[in-house]
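The structure appears right after this line, and notes come after that.
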Amino acid sequence: MRVPFVDLHAQYLSIKDEIDNAIQSVINDTAFIGGKYVKEFENNFAKSYGIKHCIGVANGTDAIYIILKMLGIGPGDEVITAANTWISTSETITQTGAKPVFIDIDEKYYTINEDLIESKINSRTKAIIPVHLYGQVCNIEKILTICKMHNLFLIEDCAQSHFSSLDNKLAGTSGIASSFSFYPGKNLGAYGDAGCIITNDDTLAKKIRMFANHGSLIKHEHDIEGINSRLDGLQAAILNAKLPHLDNWINKRIFNAQLYTKLLNGTGDIITPSVRENSKHTFHLYVIRTKFRDQLKDYLISQNIDVSIHYPVALPNLKAYEYLNLPTEENSITNVFQNEILSLPMYPELSSEQIGFVVSCIKDFFAAQ
Ligand SMILES: *Cc1c(COP(=O)(O)O)cnc(C)c1O
C-alpha cells in the first residue's frame, strides 16, 4: 500500500464534472482577469464568513503583504508573529521595511504563546500576526485584548485554518483584516496560486482592492501606485465549485484525525495533537511529536508512506534571520519541537484502511526500538 501525503487528484475525481464545467465556463466567457467568476467567489466567501468584504489576490503571501502595507506599516516599525510558521508570515513584514519579531510557540497547542507577547511590545510595535497553525485556532481573545490595550493592529494569518473556530467564532473574524491562501494543498485549494483578504473595514477594503490592482479601481485612473496581485477567473471558478464541499471535506479531516489519535494512543513516546477546548480544529495538518522523529520518518518513507515536517527549521534559525542575532533561549519550545514534529498523511479522501496501515507501521517501528 502507498499512502501519499495529500491526494489532490482523488479530490478532483470526486467532483470532476463540477470542476470541468467551471473551467469551461470561464473559457467560454473569456473571463480570465476580474469578471463575474471572481466577483461571485468574493461574494460567496465573504458571505460564508459573515464579513463585508473579500478581496481576491494572487496568493496568501501577497495577502499578508498587502494588508500590512495598506495599514501603513513600514520602516521603523516592528510586527510580532510566531517563531514556527511558514516564511510568508515574516518575509512580508520585512518586505514592507518593518522588522519581524518572533514569539515562541505554546507547548500544548503549537500556536503563538500569548503569554510571551507583551514582553516584546515597545513603541515601535504596530501589529501582531497570529497564525492559526495546522488548523488550530490561537488564543485569539487574549491576543485581541493585548492588541486593544497597546493599540496594535490584529492581522490573522488563516492560510491553514479555513473555517476553523473557537467558541463558535470563526478564525479570521477578530482582527482588522485576515489573509487566506488557496495554494492547491490548503484545505480550500485552487489549481495554482490564489489567495484572498477579508475585512469589515470599508476604507481598508477599498485601499486593498486598489493597491492589488496597480492602484486603480477604475480603468486608467491611478490614485496611487500599486502592485499586480489578482485572483484570476479560472482559479475563482474552481474555488466556487469547491466551496460548497468544504464543510464535508473538513469533517472528513476531523474524522481522520480522531481515528489517528485513537489508534496511536500509547504508541512509543508519541504525543498526538491537543485540540483547544470549544474549538473546531480543521486539521490542515496532523502533527505528532516523538524523540525518534528522524528515524521514524525514514522508516515510514521506506514503507511508502509520505510524511513531512512543518517546519524542520523554525524561522529564527533560518539563515535569512541570522542577522537578527537572536539568543537561542528565546524560542526554546520551538527549538526543541522543530526536531520532534512529524506531519502524517492527511486529506479528506484518506481511507480508514490507509490510516490503519500508517499506524501499524508506526507501531512496528516502536516495537523494534
Ligand atoms: C501557505 C501559507 C502562506 C502563504 O500562502 P501562499 O498562497 O503559498 O502564498 C502563508 N502563511 C501560512 C501559515 C501558510 O501556511
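We count ligands from 1, going down the list as the structure has it; atoms in each ligand are counted the same way. These figures come from a predicted structure and were not determined experimentally.
- More than 12 heavy atoms of other shown residues, nucleotides or ligands fall within 6.0 angstrom of atom CD in Glu329.
- For atom 12 (C) of ligand 1, the nearest protein heavy atom (residue, atom name, distance) is Ala159 CB, 3.4 Å.
- The ligand atoms of ligand 1 that sit less than 4.0 angstrom from a heavy atom of Asn59 are 7 (O), 9 (O).
- Residue contact check for ligand 1: Asp193 places no non-hydrogen atom closer than 4.0 Å to it.
- Close approach to Thr85 involves these atoms of ligand 1, each under 4.0 Å from a residue heavy atom: 13 (C).
- For the residue pair Asp20 and Gln24, no side-chain donor N or O sits within less than 3.5 Å of a side-chain acceptor on the partner.
- Looking at Arg293, Lys291, Lys297 one by one, the single match for salt bridge (charged side-chain N to carboxylate O under 4.0 Å, His left out) with Glu340 turns out to be Lys291.
- Checking Thr61, Ile129, Leu133 against atom 9 (O) of ligand 1, the nearest heavy atom belongs to Thr61.
- Residue Asp157 places at least one N or O, backbone or side chain, under 3.5 Å from an N or O of ligand 1.
- Evaluated for a side chain to side chain contact (heavy atoms under 4.5 Å, CB included) with Ser343, the options Asp306, Val307, Val287 yield exactly one hit, Val287.
- Across Gln160, Lys186, His310, His132, heavy-atom proximity to atom 2 (C) of ligand 1 is greatest for Lys186.
- Annotation for Lys363: atom NZ counts as buried by contact number, over 12 foreign heavy atoms lying within 6.0 Å.
- Shown in contact with Gly60 at under 4.0 Å from a heavy atom are these atoms of ligand 1, numbered in order with element: 4 (C), 5 (O), 6 (P), 7 (O), 9 (O).
- For Arg253 and Phe283, the positive end is not near the middle of the six-membered ring at less than 6.0 Å and at most 45° from its axis.
- Shown in contact with Val131 at under 4.0 Å from a heavy atom are these atoms of ligand 1, numbered in order with element: 13 (C).
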* Phe292 and Tyr299: CA distance, side-chain angles, deciding distance, ring pair (Phe, Tyr, Trp, His ring centres under 6.0 Å) verdict -> CA-CA 11 Å; Phe292 303 91; Tyr299 179 72; over 10 Å; no
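- The atoms of ligand 1 that sit less than 4.0 Å from any heavy atom of Ser88 are 3 (C), 4 (C), 10 (C).
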